[in-house]
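Let me begin by presenting the structure, written as structure tokens, before commenting on it.
What you are looking at is a predicted structure, and each value in this text was computed from that prediction instead of being measured.
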Amino acid sequence: MCRGLLFLLFSFLSCHIAGQAFTSSNLPIVVIHTNGQEIPDDPKIIADMGIVYNGQGVINHLSDPFTEYKGKIGIETRGKSSQMFRMKSYGFELRDDNGESVDKSLFGLPEESDWILYAPYTDKTLMRNFLAYTISLEMGHWAAHCRYVELVLNDDYRGVYILMEKIKRGSGRVNISKLKKTDVAGDDVTGGYIFKIDKEDPGDDGWYSSVPPVHAANGQTIHFLYEYPKPDAIVSEQKNYIKNYVDSFEFALNGTRFQDPVNGFRRFADENSFIDFLLVNEVSHNVDGYRLSTFIYKDKTSKGGKLVAGPVWDYDLAFRNADYYDGSATTGWMYQSATIDDGDYWQVPFWWKRMMDDTAFQAHLRCRWKELRQTTLSDQHLFFLIDSVATFVNEAQQRHFQRWPVLGQYVWPNPAPIPTSYAGEISALKEWITERMHWIDLNMPNIGACFVWPATEKGTLKVELYPNPFQTTPFVKIISRQPQKVTISVTDALGRQLFLQTIPVVTGVNNISLNTNHWSSGLYIFRFRAAAGDVKLYKLIRQ
């Protein structure tokens with residue numbers, strides 16, 4: 001416990017953690033007093049908060065003046081599954097002496113009233129959210145900025161917390177147009193909006209997707225929830241507009257012309273943002289990716305006005321920190337989610353699989369991956385981020401794990417094996433990231449302008465046919481070194497021609513469908529002739 005005098009007096013305070021006094025830190029110190037009140041899930045209660053921060057590189061003492069903030073806040077617990085943990089996360093709102101919300105800057109971040117104190121209880125690296133948000137920020141998208149702090153709540157040392165920005169519309173956060181209740185027609189009604197896919201809280205409202213998720217087996221559907229404007233602030237004309245716009249996007253994406261660069265899904269969605277959103281979720285192998293804590297926003301038509309994927313949010317169960325749905329595996333695409341239990345209501349929207357059926361999307365994804373692997377997503381840079389945080393919190397993490405002795409212990413949903421030290425957690429994270437990035441390198445679609453031709457292959461054409469023998473339809477994969485035309489000819493054992501067609505292929509992988517339903521059992525000869533002169537000959541047997 002901690003002992004002290006009055007909260008707002010700058011008198012000496014000290015907290016005891018397992019017999020050791022907490023008096024100073026290289027991290028900012030957040031001190032909150034609720035004046036005898038329990039902090040509920042909802043609504044916020046009034047409390048006092050002070051922050052000791054003497055500047056970068058300067059030690060902060062619990063007895064120092066509250067230089068960063070001193071005043072009232074409204075505070076509540078936050079989270080869904082994390083509510084069961086002893087270490088709680090909190091949402092708080094800066095308030096004036098009259099109890100009204102007030103915008104202020106904390107740690108040099110843009111002025112706002114709403115902030116979060118995130119508790120990394122199940123994340124024993126203390127950095128999974130930080131990594132995901134930093135990766136997205138470095139990709140060029142807004143994501144919540146993080147500041148590591150230590151928290152003293154009601155004279156009780158509570159450990160290392162991450163003070164974060166909240167997803168909210170505003171010039172310093174999601175920078176889209178303010179939508180007033182009177183904005184009901186013309187360009188005014190077209191933005192801005194923020195909506196999400198998530199578990200519902202009391203008071204949430206929204207609309208349902210007209211297209212079922214890929215693995216829906218028990219009537220699951222996608223529920224889009226209003227985030228901005230809030231359900232009690234959005235008017236019927238705005239509800240109709242954003243629903244109809246998303247319906248149009250889904251209709252185009254689910255239609256036969258979804259790849260059309262003008263009238264396909266790109267008419268309604270910012271492709272680059274969806275590519276980057278996919279990459280953050282796949283690099284982290286996020287079990288909640290796409291299906292929970294997924295935000296989408298849209299500005300006015302006059303300001304671009306397409307659907308933008310993001311901001312990224314809630315990655316505490318990512319980067320090898322879930323023992324279900326193959327969350328700790330280094331292999332597999334999470335967007336496919338073949339491992340998601342059919343009984344799970346929260347499924348992945350069909351969007352991502354459908355986009356990955358688009359050869360242009362695959363090509364753009366390949367190029368973006370190639371670019372980021374040299375910068376933000378290089379092993380070296382990711383290790384630099386991890387080591388930087390581990391060094392920065394090294395002193396504080398020792399106090400944190402004295403307060404919460406969970407190292408080496410199972411905390412839902414930690415996967416096995418569970419490291420027994422903080423250094424072990426960091427080592428396991430690095431090893432996992434190395435293997436995960438290598439798997440993506442090998443399995444990223446190899447198509448388009450950034451296609452890499454296998455060094456061992458000669459010529460311009462490579463063909464894969466399987467299985468052999470086949471029973472119904474063989475899989476035909478043509479890998480081309482360049483855009484060209486390929487003539488496909490199929491004859492039977494008697495030399496009779498059953499198939500002849502010349503088709504254009506793009507650089508990289510091309511999957512070809514052949515109708516073989518009318519073919520009888522026997523031997524077939526497949527011949528592929530490229531415009532560049534390459535000829536490939538194969539013999540397959542139909543059983």
Side-chain angles (χ1 to χ4, degrees), residues 214-215 217 254-260 264 331-333 335-339 350 352-366 439-543:
V214 175
H215 297 291
N254 199 40
T256 57
R257 300 178 62 191
F258 73 105
Q259 299 187 73
D260 188 305
T331 61
W333 297 109
Y335 78 86
Q336 293 177 332
S337 296
T339 56
F350 82 98
W352 310 95
K353 184 179 185 303
R354 188 62 165 166
M355 288 181 183
M356 286 294 284
D357 290 337
D358 183 340
T359 53
F361 186 89
Q362 291 182 26
H364 298 156
L365 177 67
R366 172 77 183 189
W439 185 89
I440 297 177
D441 283 336
L442 295 178
N443 290 274
M444 181 63 62
N446 195 12
I447 187 173
C450 298
F451 170 79
V452 177
W453 184 255
T456 57
E457 288 294 326
K458 298 180 180 180
T460 66
L461 195 67
K462 183 175 185 242
V463 178
E464 297 177 5
L465 282 83
Y466 55 95
N468 188 18
F470 67 95
Q471 292 183 335
T472 53
T473 301
F475 295 95
V476 182
K477 180 185 293 185
I478 298 176
I479 305 173
S480 180
R481 191 170 189 169
Q482 62 198 41
Q484 60 180 323
K485 292 184 177 180
V486 175
T487 299
I488 306 173
S489 171
V490 184
T491 58
D492 63 14
L494 298 177
R496 293 174 297 188
Q497 192 166 73
L498 301 177
F499 184 87
L500 178 64
Q501 187 175 350
T502 299
I503 61 171
V505 297
V506 298
T507 301
V509 177
N510 301 260
N511 293 304
I512 310 300
S513 297
L514 300 179
N515 184 1
T516 62
N517 292 332
H518 61 288
W519 296 7
S520 59
S521 300
L523 176 68
Y524 293 90
I525 300 171
F526 288 71
R527 181 178 285 104
F528 299 83
R529 181 183 296 275
D534 308 62
V535 177
K536 303 290 183 181
L537 191 67
Y538 300 87
K539 295 180 180 180
L540 271 72
I541 296 174
R542 175 162 186 173
Q543 292 180 333

### Task
May I ask you to decide if the ring planes of Phe528 and Phe526 are parallel, tilted or perpendicular, using 30° and 60° as cut-offs?
parallel
### Task
May I ask you to test the Asp357-Phe258 pair for a side-chain heavy-atom distance under 4.5 Å?
yes
### Message
Counting C-beta onward and ignoring hydrogens, is there a side-chain heavy-atom pair between Asn446 and Trp453 closer than 4.5 Å?
### Response
no
### Query
Tell me, do Asp492 and Trp519 make a side-chain contact under 4.5 Å, heavy atoms counted?
no
### Task
First locate atom CD of Gln471, then atom CZ of Arg542, and finally report the distance between them rounded to the nearest 0.5 Å.
9.0 Å
### Task
Rounded to the nearest 0.5 Å, what's the gap from CD1 on Ile479 to OG1 on Thr507? Could you check?
12.0 Å
### Query
Is it true that a side-chain atom of Asn515 and a backbone atom of Asn517 form a donor plus acceptor pair closer than 3.5 Å?
yes
### Message
Atom CZ of residue position Phe475 - does it have more than 12 heavy atoms of other residues, nucleotides or ligands inside 6.0 Å?
### Response
no
### Query
Is any side-chain heavy atom of Tyr538 less than 4.5 Å from a side-chain heavy atom of Asn468?
no
### Task
State, yes or no, whether a side-chain contact exists between Arg366 and Val452 at a heavy-atom distance under 4.5 Å.
yes
### Query
Does Arg529 CZ have over 12 foreign heavy atoms under 6.0 Å away?
no
### Query
When rounded to the nearest 0.5 angstrom, what distance separates CD1 in Ile447 from CG in Asn510?
6.0 Å
### Query
Would you say Val506 and Phe451 make side-chain contact, with heavy atoms under 4.5 Å?
no
### Query
Are side-chain heavy atoms of Leu540 and Pro474 found at a separation under 4.5 Å?
yes
### Message
Can you confirm whether more than 12 heavy atoms, excluding those of Lys353, are under 6.0 Å from its NZ atom?
### Response
no
### Query
If you look at every heavy atom in Glu457 and Lys462, which pair is closest and at what distance?
OE2-CE, 3.3 Å
### Query
Looking at Met356 and Leu365, what are the two nearest heavy atoms and their distance?
SD-CD2, 3.6 Å
### Query
Under 4.5 Å between any side-chain heavy atoms of Ile478 and Ile488, yes or no?
yes
### Task
Answer yes or no: does atom CD of Gln497 have more than 12 heavy-atom neighbours from other residues, nucleotides or ligands under 6.0 Å?
yes
### Task
Over all heavy atoms of both residues, which pair between Gly255 and Arg354 is shortest? Give the atoms and the distance, please.
O-NH2, 2.7 Å
### Task
Walk me through it: do Tyr466 and Lys477 pass the test side chain to side chain contact (heavy atoms under 4.5 Å, CB included)?
CA-CA 9 Å; Tyr466 55 95; Lys477 180 185 293 185; 4.3 Å; yes
### Task
Under the side chain to side chain contact (heavy atoms under 4.5 Å, CB included) rule, what do Thr472 and Thr516 come out as? Steps first, then yes or no, please.
CA-CA 7 Å; Thr472 53; Thr516 62; 5.8 Å; no
### Message
Working to the nearest 0.5 angstrom, can you tell me the gap between Arg527 CZ and Lys539 NZ?
### Response
10.5 Å
### Task
Enter the distance from Gln543:CD to Phe470:CZ here, rounded to the nearest 0.5 Å.
9.5 Å
### Task
Of all the heavy-atom pairs spanning Ala532 and Gln482, show the shortest one and how long it is.
CB-NE2, 4.0 Å
### Task
Indicate the atoms forming the closest heavy-atom contact of Thr460 with Ala530, along with that distance.
OG1-CB, 4.3 Å
### Query
What's the shortest heavy-atom distance between Asp534 and Gly459, and which atoms?
OD2-CA, 3.1 Å
### Task
Kindly compute the distance separating CG (Leu461) from CZ (Arg481), expressed to the nearest 0.5 Å.
12.0 Å
